[in-house]
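The structure under discussion appears below in the form of structure tokens.
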Amino acid sequence: MTDVKVEEIFDCAFVSVTKKIASLDLCRKSDGSLKIDDEYAGSVYTTGMFNSLVVMEFSPAICKHIIFTMTNGAEVTDEEKLLYMKEYVNIVCGRAISEINDETGSISRITIPIFHSLEEIIGEADKKSKKIVLHYETDIGIICVSVYYNDFGK
């Protein structure tokens with residue numbers, strides 16, 4: 001599987017799932033100049049044939065909107081908010097990994113999503129040989145997705 005195909009799969013997953021779950025249109029920005037000042041960072045690992053670390057940075061307004069939409073506006077605790085963001089990440093990344101599995105005829109799985117500081121995540125990224133970065137802009141904020149991965153089967 002080519003790097004372009006991996007990028008296409010993750011791009012399609014984020015755009016389509018975000019539209020369906022949060023009613024947000026993600027507009028891809030290729031220049032990479034988007035900066036998130038006060039972001040929420042989440043990550044998942046994939047294991048198996050596709051060995052990767054997927055890091056997602058969200059503007060606070062994006063998180064708030066995703067949670068509001070997923071809960072139909074119901075009041076939720078901070079703990080529940082985190083669970084909803086983890087579920088969003090699980091759905092998006094699960095969709096991408098399912099597509100990669102279909103394309104390659106192999107089996108890869110995702111770990112449980114975690115949210116923590118970006119500094120804690122980035123050290124693990126150095127262990128991967130390839131990187132894809134997807135920057136998205138919406139009317140209410142931005143999302144930055146970085147996929148760090150090794151060649152298939154390595």
What's the spacing between [X] [atom1] and [Y] [atom2] if we round to 0.5 Å?
| X | Y | atom1 | atom2 | result |
| --- | --- | --- | --- | --- |
| Glu103 | Ile9 | CD | CD1 | 5.0 Å |
| Tyr45 | Ile114 | OH | CD1 | 6.5 Å |
| Ile91 | Glu87 | CD1 | CD | 4.0 Å |
| Thr111 | Asn90 | OG1 | CG | 9.0 Å |
| Ser43 | Glu57 | OG | CD | 11.0 Å |
| Ser23 | Met70 | OG | CE | 12.0 Å |

[X] side chain near [Y] side chain, heavy-atom distance below 4.5 Å:
| X | Y | value |
| --- | --- | --- |
| Phe14 | Arg95 | no |
| His135 | Ile142 | no |
| Lys81 | Cys63 | no |
| Leu26 | Ile143 | yes |
| Met1 | Ile100 | yes |
| Val55 | Val145 | no |
| Asn150 | Lys130 | no |
| Tyr148 | Val54 | no |

Can [X] and [Y] be counted as having a side-chain donor-acceptor contact under 3.5 angstrom?
| X | Y | answer |
| --- | --- | --- |
| Asp3 | Tyr149 | yes |
| Thr18 | Tyr88 | yes |
| Tyr136 | Asp11 | yes |

Intermediate values then yes/no, side-chain contact (heavy atoms from CB on, under 4.5 Å), Ile66 and Tyr84: CA-CA 8 Å; Ile66 290 170; Tyr84 277 101; over 6 Å; no

Donor-acceptor pair, side chain of [X] and main chain of [Y], under 3.5 angstrom:
| X | Y | result |
| --- | --- | --- |
| Glu99 | Ala96 | no |
| Thr46 | Ile110 | no |
| Ser59 | Ile62 | no |
| Ser146 | Val133 | no |
| His65 | Ile140 | no |

Under 4.5 Å between side-chain heavy atoms, counting indirect links through other Ile/Leu/Val/Met/Phe/Trp/Tyr residues: same cluster for [X] and [Y] or not?
| X | Y | answer |
| --- | --- | --- |
| Leu82 | Met56 | yes |
| Leu83 | Val76 | no |
| Phe68 | Val17 | no |

Minimum heavy-atom distance [X]-[Y], with the two atoms named:
| X | Y | result |
| --- | --- | --- |
| Ser108 | Asn101 | N-OD1, 2.9 Å |
| Val44 | Cys93 | CG2-SG, 3.7 Å |
| Ile132 | Leu134 | CG2-CD2, 4.1 Å |

In terms of side-chain geometry, is the basic nitrogen of Arg28 or Glu7 positioned less than 4.0 Å from the acidic oxygen of its partner? yes

Take atom [atom1] in [X]; do more than 12 heavy atoms of anything else shown fall under 6.0 Å from it?
| X | atom1 | value |
| --- | --- | --- |
| Asp139 | CG | no |
| Lys86 | NZ | yes |
| Ile107 | CD1 | no |

Verify side-chain contact (heavy atoms from CB on, under 4.5 Å) between Leu24 and Lys19, making sure each step is shown before the conclusion. CA-CA 5 Å; Leu24 278 176; Lys19 176 68 173 173; over 6 Å; no

